[in-house]
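Reading through the structure tokens given below for one structure.
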Amino acid sequence: MAASPAYGEEKGGSSSLGEPEYGHDPASGGIFASDYKRHDDLKEMLDSNKDSLKLEAMKRIVAMIARGKNASDLFPAVVKNVACKNIEDPNQLIRASALRVLSSIRVPIIVPIMMLAIKEAASDMSPYVRKTAAHAIPKLYSLDSDQKDQLIEVIEKLLADKTTLVAGSVVMAFEEVCPERIDLIHKNYRKLCNLLIDVEEWGQVVIINMLTRYARTQFLSPNQNESLLEESAEKAFYGSEEEDTKDAKAEAASLAKRKPYVMDPDHRLLLRNTKPLLQSRNAAVVMAVAQLYFHLAPKAEVGVIAKALVRLLRSHSEVQYVVLQNVATMSIKRRGMFEPYLKSFYIRSTDPTQIKILKLEVLTNLANETNISTILREFQTYIRSMDKDFVAATIQAIGRCATNIGKVRDTCLNGLVQLLSNRDELVVAESVVVIKKLLQMQPAQHSEIIKHMAKLTDNIQVPMARASILWLIGEYCEHVPKIAPDVLRKMAKSFTNEEDIVKLQVINLAAKLYLTNSKQSKLLTQYVLNLAKYDQNYDIRDRARFIRQLIVPTEKSGALNKYAKKLFLAQKPAPILESSFKDRDHFQLGSLSHLLNAKAVGYQELPDWPDEAPDPSVRNVEVPEWTKCTSREKRKEKVEKPFYSDSEGESGPTESADSEPESDSEESGSSSSSGTSSSSSEEEEEEEEEEEEEGSGEQSEDKEGEEEEEKRKKRKEKGGLRKVSPRSMVSSTFLPWSPREWAWWPTLSCGPWQLLSPAFGAVRTYELLHRMAGEGLSVEYCFSRRPFPGDPHMVAVQIQISNNTDAEVKSLRVSEPKLLAGMRIQEFPEIGMGTVVEGRWDTVAALCFQRACTHTRHFYVSIQPPVGELMAPVFMSENEFRKEQGKLTGMSEITEKLTLPEKCRSDHAIVQQVTSAANVGRVPCGADNEYRFAAKTVTSGSLVLITLEWREGAAAQLTVNSEKMVIGTMLVKDIIQALAQ
Amino acid sequence: MEAVPCRSVRHHQRASPRLIGLCWPRVAPLELSLLKLAPWVAFLPCDGAVMIHSLFLINASGDIFLEKHWKSVVSRSVCDYFFEAQERASEAENVPPVISTPHHYLLSVYRHKIFFVAVIQTEVPPLFVIEFLHRVVDTFQDYFGVCSEVMIKDNVVVVYEVLEEMLDNGFPLATESNILKELIKPPTILRTVVNTITGSTNVGDQLPTGQLSVVPWRRTGVKYTNNEAYFDVIEEIDAIIDKSGSTITAEIQGVIDACVKLTGMPDLTLSFMNPRLLDDVSFHPCVRFKRWESERILSFIPPDGNFRLLSYHVSAQNLVAIPVYVKHNINFRDSSSLGRFEITVGPKQTMGKTIEGVMVTSQMPKGVLNMSLTPSQGTHIFDPVTKLLTWDVGKINPQKLPSLKGSMNLQAGTSKPDENPTINLQFKIQQLAISGLKVNRLDMYGEKYKPFKGIKYMTKAGKFQVRT
């Protein structure tokens, strides 16, 4: 490798671990290992006009970067070549990629360019580009946080986007840049809830977590009234003071208000729309919904999440680990919901220890009077496990069950005492520690056990266990008066060899015995204290000195001496054995902070419910008429589209409220008013059908149709995709379209010719619905001849709708388009129309259609596109034209003679007539009296070549070459007709 | 009519001066591949705003054999915290999946004897990262057939390309295998050779149009000469059987794995004879949830290739048929240094099918020095170091039940172990779904050809344990 100094720079942080070269250098596989030349020629190559040179240069730069080399001085050239150029590209995927490249260049100099690019991409018509813009926001923010204000503007704009593609990414950006700006969410709340199910999995997680926080600030606690009643039982074991006071406050507040709780419909919307996601295959999504329910749902409804969480336990062990941590926390607060799944937490010998211990935790939390015997039986099996850490945890779990459930305390204690004779010392030690805690509850009844434990000091070596036994004997020395001094005697003997914690307990025992039974133990105590006085550990020396002063009366010792007994033998409260997961739910469940039980960097606190609900009207959105797509339409569309989201939960509370009565009236209306209008349109329909049948025989393949129907005041339009309202044209913002309005079906590939922008002649407008037939609504359509932005294989139809009445027109849409085989339609979302005298929408539509049929309130309309509209102009040179024409002879060539009328005998007139009859582009031609045009069909990309030869006078000959014979034939007819006019 | 085309509006908005030229020629297709190599590597260290910062792949012997950074480079030394945790944990699966270090958090998954360690810096739902890491492993498996250190090293370029596409700035981008394969072609021997010679890459020439689609999980333009759709209904029995042979807990969980190779955009429906058996289900995103809710029919446009359509759990009310039983007699005598060991495996409720692929494993107590056993069929191994007994039984012939008998040598002088070993069982039953689930029909809409359809059933042991 001819490395010039500039390339020699090493990437930071490399080390020589393992096989560093391999790991570090993806390019060493040989693929990038071509010879590296100098910068200068790279720059030259980039600036050259040849694509191949540029490509080569870019490859080498990418290879350099992949090797961690510094290529930053090449940026201006790179930016110019890749990003800037392509950011303008008509292909949305290229625009998006260019933005992604641009935003990944992290040099400060690029900030202004990036900002501009992001802003522009945020108003791009393609949702995919807008999604990329959302992805770029955090990148720019991390590069330069001073851009925050501007970025928030972009986020605000993107939050208003109505497509699922953008939603996840923009919420992600929101969380990174301005999670505190909860006010930006209000207007988008319902939309986010409704889109949620169709958002991609990772976006769902981010949105759900954000909405959880949002709901906590905007709604009232659904459990405020019941909290005391239901929880009191559990409180007995787990309640903390803090919680009690909190609840008491809540209760007081609710009592004072005496206002029955009514759930905000938006709160309900969130719960309803997230629930189906419990069925997701993605564990993170399921967990996100589970935590949302845990934090937001009324107690009675939280139970639904249990089944889904238990399902996750069958996943990979890392997933189990995280889920069990959360279940452990939840099972303390809401024990009931996991009880039916008790057996799912049973432990297998093959589970990893960390999973076993978490399951044990859950089992213990779930234990109650009814299931405790089953659980204890299960525990007995665990105690015999070979995994000793797990056995120790089981013993502690038994201890916790015993303290929490009085009924089984004796059983547990007996079981533990039996373990004292276990052969494994660790088991015994752990049992001793747990028994000590249990005995503190009722020492009087258990002097036998204490005696038994005293004997263990001979054998047991585990310091913690020895210390526990000594403490126990000291504490209850009055229950075992004979044994205690003897134990002290033995311990005094071995004192010097004991561990520190044991020594401290020996001193403790000595002191207590001195106070209760000084006759037998005075000398022993003195002896122990003397030994301790010279111990190596200063804690022990200090303790010995302190205790001597306290218990042995001397002149110097003051009044304290009198209280020594009280000090040492005071009644001590029994320890509470509680779960380490208690109260962890103040962290948002499912979060990293919850798992670590510590605030992680960047953790957003889960807010407490407000006492008073903030104004719910902030979430009301004034739906501009033209965007009001009601859920109903979507639902219909869904029948053919693969989404989860045909859920009832689709519509927001406000929308659903008005859509129902509407549909009622619709039906009643249809039955009552099926008189005149329907019969007239039926006739229409028949005519149309006839026409169609004629054509369909020969043209079925290529014919593309559109069908339009209308519903009373509803109207549908043909394959509308994107609408630009008059207003939006001015402001140049685009209505977002959601992917569900985009059908994206595979089609034949296009030819290699570049598409020209369409020739704009006089655009002919066709009537779709006359205003008389349409009861005041009139519709016209034309072929805009622009590329349909969603799909290059579709033909755009532009529809203009006018409302000539005073009444409001609602929910215009296409319903049940009837398409011939091979046709497709992209519908536009439902449009609402107020009493605007004239509304105009440009709809770029896909073309496809067919038969019309009639029904009241539905207006059956059909679009019959002239064959000339089914193509797009192509640019080619004369030579290319000839070459292609040569290939399309014989069957593919149709020639017709014609006579040109007077007014059509000028160049201009001919060209105009031909281009208005068909969407074709002119091809340069050497001959004076010859006109050539070229186009290719939009769907299949087949070439259509038109030649018009003007002979003497009025005579002319028209030739059309196309492999689509049907198209050719029809085109000839159409052009001749146009020229004849 | 004043149609305002989208393109021209975009131009309108660009009123402000900028260095971007307006009239560039269209992008030549060759440049596309470059764009997909995006994004560029970091040049400045930046903090925050990244979910997953870096990924380290660590093998069983603790070598970092691959690292990938989505932003600034995080030093390998961050893995030292991981190694510490690994040392503390006796076994690989006991390494905590989440480790907190002073400046980073390490989230890891362990699969195929490789640790995939993600480095993150800020709060992020742990399952988010863990699920993503598993998705990475699944993708590697999908691309290379197996996910092993050797395979990853052999295909290191593809690995980097795939990782680059899966995360954008640390946030998951393209995780659907169908889309990834559009972007980056899986390696084949031929292409590897060609690439090495020509220096070209695996980055696809086509644009990932799938990302734009309403069916983002399916790639476009799928064509096959033979159109086939295969569905495997695979059920696993998880059970704990106690000493006396009674069932402590048993449940059935199943999956339907599909291999669909159909041209175009087929729309499939699959219905069951007895859908009520399914208690808890989770779907591939392609399944229309509503349709399932209302009609209990699986309706979907499938991804191309292999995918998991559905996972389900059979409702707990149904009694689970246990197809095998184990008779065991394992005795450690206190006084003697010899113990007796005898197990017999037999069929129980098998619906007349053969049980095959039977494998018995058991972790023997530490005190067992060696075992001298004779199997009536199959082969057995006892590893005196790990104390793991493995008996590969094969098929069960009901006329002649397989058994394994013999003695155990115990360490002299030690007392008998408290616990008898647990017996883990694996088995397979072909042509049977133990829950009784039956597919009723599979229909295809949206395409005209007649596909070849196949449904296979299988029952396997999941976590099937017999306590002794």
Side-chain angles (χ1 to χ4, degrees), chain A residues 13 15 18 23 26 29 51 55 58 62 65 72 84-86 89 93 97 100-101 104-106 125 128 135 138-139 142 176 202 276 279 281 283-284 287 307 311 318 321-322 343 348-349 352-353 384 590 592 595-596 600-603 642 644 646 729 732 739 744 746 782 784 786 789 798 842, chain B residues 1 3-6 9 12-13 20 24 27-28 30 34-35 37-44 46 49 63-67 73 75-76 93-94 97 100 109 122-123 125-128 130-131 156-157 160 168-169 172 207 212-215 220-221 249 280 282 289-290 301 418-419 422 463 465:
Chain A
S15 70
D51 279 341
L55 182 67
M58 300 287 268
V62 172
I65 294 169
S72 50
C84 295
K85 175 155 75 180
N86 296 322
D89 196 276
L93 287 160
S97 305
R100 202 176 149 204
V101 171
S104 304
I105 302 172
R106 283 189 288 272
M125 59 175 179
Y128 185 67
H135 273 270
K139 300 185 205 173
S142 69
E176 292 286 354
W202 310 108
Q279 246 72 54
R281 64 167 172 175
M287 189 68 231
K307 194 188 269 183
R311 180 180 74 233
E318 296 87 6
Y321 177 82
V322 177
K343 287 188 173 179
R348 296 184 153 79
S349 60
T353 309
R384 296 205 310 267
L592 182 63
L595 192 130
L596 298 170
V601 182
Y603 173 71
Y644 269 153
D646 24 359
M729 284 185 219
S732 60
W744 209 279
C782 65
S784 68
R786 313 201 176 274
Q798 187 171 315
D842 293 332
Chain B
M1 162 156 303
V4 177
C6 20
V9 171
H12 267 299
Q13 293 172 296
I20 298 171
W24 294 91
V27 165
L30 37 156
L34 274 175
L35 290 172
L37 276 178
W40 307 82
V41 177
F43 290 88
L44 283 185
C46 297
D63 299 328
I64 302 171
F65 66 93
L66 188 128
E67 62 186 282
V73 175
S75 159
R76 284 179 172 214
E93 64 254 30
N94 273 324
S100 175
V109 304
T122 53
E123 169 68 47
L127 270 186
F128 189 100
I130 287 170
E131 180 80 20
V156 72
V157 175
Y160 274 98
D168 179 23
N169 198 37
L207 287 164
L212 304 171
S213 146
V214 278
V215 282
T220 49
T249 158
D280 178 40
S282 71
F289 181 69
K290 208 65 216 168
I301 292 177
D418 317 316
E419 189 193 37
T422 311
K463 295 171 182 165
Q465 294 202 336

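So that the names make sense, note that chain A is the first sequence line, chain B the second, and so on, each numbered from 1.
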Sort out for me which of A:Leu592, A:Leu595, A:Val601 touches chain B most, counting heavy-atom pairs under 4.5 Å. A:Leu592

Counterpart residues, side chain to side chain donor-acceptor pair (under 3.5 Å), relative to B:Gln465 (two or more places apart): A:Ser349, A:Thr350, B:Asn424

Among B:Thr249, B:Ile130, B:Asp280, which residue forms the greatest number of heavy-atom pairs with chain A at distances under 4.5 Å? B:Asp280

All heavy atoms of B:Pro172 vs all of A:His135, minimum pair found to be O-CE1, 4.5 Å

Testing the basics here: between A:Pro276 and B:Phe289, what is the closest heavy-atom pair and its distance to 0.1 Å? CB-CE2, 3.3 Å

State, with a plain yes or no, whether a side-chain heavy atom of B:Glu131 is found less than 4.5 Å away from one of A:Trp202. yes

Residues which pass salt bridge (Lys or Arg N to Asp or Glu O under 4.0 Å) with A:Lys307, listed by chain and number, not counting sequence neighbours: B:Asp279

Considering non-hydrogen atoms only, spot the tightest contact between A:Ala283 and B:Leu127 and give its length. O-CD1, 3.6 Å

For the residue pair B:Asp168 and A:Lys139, establish whether any side-chain heavy-atom pair is separated by less than 4.5 Å. yes

Part of A:Tyr603 lying under 4.5 Å from any heavy atom of chain B: both

On a heavy-atom basis, the closest approach of B:Pro126 and A:Gly590 is CD-O, 3.0 Å

With heavy-atom distances below 4.5 Å as the criterion, would you say the side chains of B:Ser282 and A:Arg311 are in contact? yes

